[in-house]
K.L.:
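My questions will all concern the structure given below.
Just so you know, ligand 1 is whichever comes first in the structure, and atom 1 is the first atom listed for that ligand. Here the structure is a predicted model, which means the values were calculated and not measured.
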Amino acid sequence: MKSTSAESSSKMNTLMLNAINKDEIKTAAAILADGGLVAMPTETVYGLGANALNAESVENIFKAKGRPQDNPLIVHIADKNDFAKYGYPNEIAKKLAEAFWPGPLTIIVDKNPCIPDVTSGGLPTVGIRMPAHPVALELIREAGVPVAAPSANTSGKPSPTEAIHVWDDMNGKIEAVLDGGSCDIGVESTVVDTTNSVAVILRPGAITIDMMAEVLGEEGVQRVSKTAIRKDEAPKSPGMKYRHYAPKAQVNMICGSPVDTYNYIKECVTEKDGVLVFSEFIDEFTCEKIDFGMSYDKDMQAHVLFSAFRELDKKNVEKIYVQCPREYGKALATVNRLRKSAEGSIVDLRTRRIVGVVGRSGSGKSYISRKLSENGRLIDCDKLYAEMLKTDCEMTRDLAKNFPECYIDGKIVKSELSKAVFNNREKLEKLNKLTHSHIVKEIMRIIDADPLVDFWLDAPTLFESGLHLYCTKLVAVVADEDTCIARIMKRDGITEEQAKKRLANQMPADFFKKYCDQVIYN
Ligand code: TXA
Ligand code: MG
């Protein structure tokens with residue numbers, strides 16, 4: 001079978017195969033081995049695959065996608081041992097493959113001559129990846145050839161994360177689409193160049209610089225310098241110079257704290273537009289809208305981005321407003337794609353830093369907060385709460401109304417509050433809701449009074465109170481359980497059991513590690 005569709009004007013009959021059926025994977029593999037094009041699921045995005053060793057087949061990928069010929073393809077393998085068959089991996093490359101394969105990391109190495117020039121875009125190097133998707137691995141093994149595959153979208157459009165997206169772009173242009181469900185990660189792999197003495201990240205993805213630094217050391221890996229992708233120079237990664245990931249509608253990327261970006265979008269948006277906004281704000285919009293996941297859920301944001309663009313395009317919205325995730329860790333990949341799709345339509349509302357510091361009791365959060373805030377101002381939220389309880393403010397008046405039994409001699413008695421909510425979930429929730437809203441309001445009053453100063457918020461209930469929505473960065477302070485217990489016992493003079501009980505009532509360290517922008521081990 002020869003793929004001739006791209007040359008002839010007649011449309012090809014594209015098969016929709018389902019990976020649930022092993023026979024259909026075999027059919028797809030036979031098409032690949034025979035020189036045809038098959039779109040396959042991977043854990044990042046769908047790839048448009050061809051036998052990487054067959055120059056004619058690979059050429060058809062460029063035709064089907066409308067992709068510039070100088071943009072090299074990634075060669076997908078199903079066995080780590082094949083790395084050295086198609087490239088010349090050095091020590092850096094081998095270490096990275098060992099640590100992150102199968103997975104969302106494309107490793108650029110010097111190319112073996114068996115890889116045709118068309119596959120590597122004429123470069124002396126080749127990008128190789130072993131994907132972590134059972135269907136992709138089975139397909140590659142079954143086909144018995146390495147599979148060259150760019151993302152399976154029409155060049156310039158958002159990458160496909162579901163088989164139907166591929167179908168929309170490629171129906172009639174390729175032999176088959178192998179449906180393996182929705183892609184888990186949602187943005188393309190990290191691309192890392194290992195042909196120099198230091199690994200250089202050319203495209204951010206789910207494997208972050210910090211993860212690679214754990215394997216190669218802090219000095220062993222760096223981000224590509226911006227100057228390497230200037231239009232007038234030969235770019236390091238040819239793919240980075242083209243317009244990318246763009247839906248039909250103009251994308252407007254709004255950067256800042258979630259509350260600030262929400263307020264901005266709410267002002268600008270019309271009923272003809274679409275929005276991609278965090279879960280915390282989704283109910284506030286009446287136009288076409290897509291839930292971007294919680295403001296701190298970087299995995300969900302990556303997963304949603306491209307499919308959201310395609311969905312909003314189907315609704316024919318005029319403009320798309322996007323709340324930009326905080327640009328740290330895994331979100332670097334999402335923001336990188338978002339920035340390219342926005343093509344300069346970027347609004348940055350950040351004028352200073354508001355950093356939320358969170359951690360469990362005994363993690364040393366207060367100590368770290370003091371250190372970090374040396375050049376700005378620190379608000380100790382627990383202390384602020386204690387002070388507010390002692391004054392005749394809106395919060396105490398509200399508390400007196402709702403918890404009259406705790407209002408004694410014209411004052412709220414903290415111990416009485418604890419008693420009132422003890423073992424009473426409903427009352428505890430009511431108390432938290434009430435105090436959190438007042439504390440957040442007071443903190444914002446303090447912050448707004450000093451508009452040019454950076455703030456650090458030592459906030460044990462950063463997430464519960466909603467204070468995280470006002471922050472431009474979230475820092476987690478983490479210590480191991482035994483250290484926390486020992487510190488609490490010493491500081492508060494309580495027993496081990498009491499300390500353990502207190503920790504059991506707090507959010508787990510894993511939550512903070514997953515959802516904060518930076519983790520400080522203390
Ligand atoms: O997750 C992914 O990487 C997906 C799935 C299908 O594996 N593939 C993908 O391929 O995103 P593509 O072609 O859309 O992006 C490949 C990127 C391009 O920016 C390309 O320029 C760069 O990798 N690249 C490939 N080989 C290279 C090389 N030898 N030197 C520099 N950059 C290279
Ligand atoms: Mg692509």
Side-chain angles (χ1 to χ4, degrees), residues 38-50 52 58 61-62 64-78 86-88 93 100-112 115-133 135-137 139-140 146-161 165-166 169 178 180 183-196 199-207 224 228-229 234-246 302 306 333 336-337 340-341:
V38 175
M40 64 171 181
T42 81
E43 79 279 31
T44 57
V45 300
Y46 273 78
L48 180 52
V58 172
I61 292 181
F62 287 90
K65 273 183 68 88
R67 179 177 173 113
Q69 289 275 352
D70 66 347
N71 195 357
L73 307 180
I74 295 169
V75 173
H76 296 74
I77 56 176
Y86 306 118
Y88 297 104
F100 299 112
W101 280 0
L105 182 68
T106 297
I107 305 175
I108 295 176
V109 293
D110 288 329
K111 160 177 112 69
N112 185 293
I115 299 289
D117 275 347
V118 58
T119 302
S120 66
L123 294 174
T125 55
V126 60
I128 299 181
R129 167 164 118 82
M130 179 178 176
H133 194 295
V135 173
L137 293 173
L139 176 69
I140 298 165
V147 174
S151 48
N153 51 290
T154 299
S155 225
K157 285 235 246 163
S159 299
T161 55
H165 301 161
V166 182
D169 281 13
L178 181 57
C183 300
D184 191 24
I185 294 176
V187 293
E188 305 87 342
S189 63
T190 305
V191 177
V192 62
D193 183 355
T194 61
T195 60
N196 304 294
V200 180
I201 299 174
L202 304 184
R203 180 176 75 181
I207 304 296
V224 71
I229 51 169
K236 262 290 196 182
S237 176
M240 304 303 270
K241 71 184 171 189
Y242 299 106
R243 179 166 187 247
H244 252 127
Y245 317 120
F306 288 142
N336 166 276
R337 314 305 192 267
K340 288 203 161 96
S341 63

K.L.:
Suppose we only count N/O/S atoms under 2.8 Å; would Ser151 qualify as near the Mg ion (ligand 2)?
P.N.:
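So Ser151 counts as coordinating the Mg ion (ligand 2), yes.
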K.L.:
Suppose I only count heavy atoms of Asn71 and a 4.0 Å limit; which atoms of ligand 1 are within that range?
P.N.:
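Those atoms are 18 (C), 20 (C), 21 (O).
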K.L.:
For Asp193, which part has a heavy atom under 4.0 Å from ligand 1: side chain, backbone, both, or neither?
P.N.:
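Near ligand 1, Asp193 shows nothing, with every heavy atom at 4.0 Å or more.
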K.L.:
Of the options Ile108, Thr106, Thr125, which is the one that meets Asp193 in a side chain to side chain contact (heavy atoms under 4.5 Å, CB included)?
P.N.:
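Passing option: Ile108.
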K.L.:
Determine whether Val58 and Leu73 make a side-chain contact, defined as any pair of heavy atoms from C-beta on separated by less than 4.5 Å.
P.N.:
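Yes - at least one pair of side-chain heavy atoms lies under 4.5 Å apart.
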K.L.:
Please examine the side chains of Ser151 and Lys65, heavy atoms only from C-beta on, and report whether any two atoms are closer than 4.5 Å.
P.N.:
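Yes, close enough: below the 4.5 Å cut-off.
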K.L.:
Quick test of your reading of the structure: of Gly127, Pro72, Ser189, Pro68, whose heavy atom lies closest to atom 24 (N) of ligand 1?
P.N.:
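Of the listed residues, Pro72 has the closest heavy atom.
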K.L.:
Purely on distance, is any nitrogen or oxygen of Thr125 under 3.5 Å from one on ligand 1?
P.N.:
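It does: an N or O of Thr125 is found under 3.5 Å from an N or O of ligand 1.
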K.L.:
In a check of side chain to side chain contact (heavy atoms under 4.5 Å, CB included) between Lys111 and each of Ile128, Val75, Leu123, Asp117, which one passes?
P.N.:
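Passing option: Asp117.
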K.L.:
Given Thr195, Leu202, Ile74, identify the one with the heavy atom nearest to atom 8 (N) of ligand 1.
P.N.:
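Nearest heavy atom to atom 8 (N) of ligand 1 lies in Ile74.
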K.L.:
His133 pairs by side chain to side chain contact (heavy atoms under 4.5 Å, CB included) with which of Cys183, Pro41, Pro104?
P.N.:
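Filter result, single survivor: Pro41.
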K.L.:
Could you tell me whether Arg129 and Glu188 have a side-chain N and a carboxylate O separated by less than 4.0 Å?
P.N.:
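No salt bridge links Arg129 with Glu188.
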K.L.:
Within the 4.0 Å heavy-atom shell around Gly47, which atoms of ligand 1 are there?
P.N.:
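Result: 6 (C).
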K.L.:
Restricting to non-hydrogen atoms, name the atom on Gly87 and the atom on Val126 that form the minimum distance, rounded to 0.1 Å.
P.N.:
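In this case the closest contact between Gly87 and Val126 is CA-CG1, 4.5 Å.
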K.L.:
Which of the atoms of ligand 1 are close to Thr44, meaning less than 4.0 Å from one of its heavy atoms?
P.N.:
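By the 4.0 Å cutoff, the relevant atoms are 1 (O), 2 (C), 4 (C), 5 (C).
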K.L.:
Regarding ligand 1, does Thr42 bring an N or O atom to under 3.5 Å of one of the ligand's N or O atoms?
P.N.:
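No.
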K.L.:
I need the atoms of ligand 1 closer than 4.0 Å to a non-hydrogen atom of Leu123, numbered in the order shown.
P.N.:
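Near Leu123, the atoms of ligand 1 are 28 (C), 29 (N), 30 (N).
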K.L.:
Taking C-beta and beyond as the side chain, do Tyr46 and Leu178 meet within less than 4.5 Å on heavy atoms?
P.N.:
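Answer no - side chains too far apart.
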K.L.:
Looking at ligand 1, is there an atom of it that comes within less than 4.0 Å of some heavy atom belonging to Arg67?
P.N.:
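Arg67 counts as a contact of ligand 1 under the 4.0 Å cut-off.
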K.L.:
So which of Ser151, Pro124, Gly87 gets nearest to atom 14 (O) of ligand 1, if we judge by its closest heavy atom?
P.N.:
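Among Ser151, Pro124, Gly87, the closest heavy atom to atom 14 (O) of ligand 1 comes from Ser151.
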K.L.:
Give a yes or no on whether the backbone of Asp110 and the side-chain of Thr195 come within a donor-acceptor separation of less than 3.5 Å.
P.N.:
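Flag not set: sc Thr195 to bb Asp110 has no pair under 3.5 Å.
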K.L.:
Considering non-hydrogen atoms only, spot the tightest contact between Ser189 and Thr44 and give its length.
P.N.:
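Nearest pair, atom of Ser189 first, then Thr44: N-CG2, 3.8 Å.
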K.L.:
Looking at ligand 1, is there an atom of it that comes within less than 4.0 Å of some heavy atom belonging to His76?
P.N.:
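Yes, His76 has a heavy atom closer than 4.0 Å to ligand 1.
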K.L.:
Can you find an N or O of Glu188 that's nearer than 3.5 Å to an N or O of ligand 1?
P.N.:
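For ligand 1, there is no N or O atom that lies under 3.5 Å from one belonging to Glu188.
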K.L.:
With heavy atoms under 4.0 Å as the rule, classify the contact between Val191 and ligand 1 as side chain, backbone, both or neither.
P.N.:
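Only the side chain of Val191 comes within reach of ligand 1.
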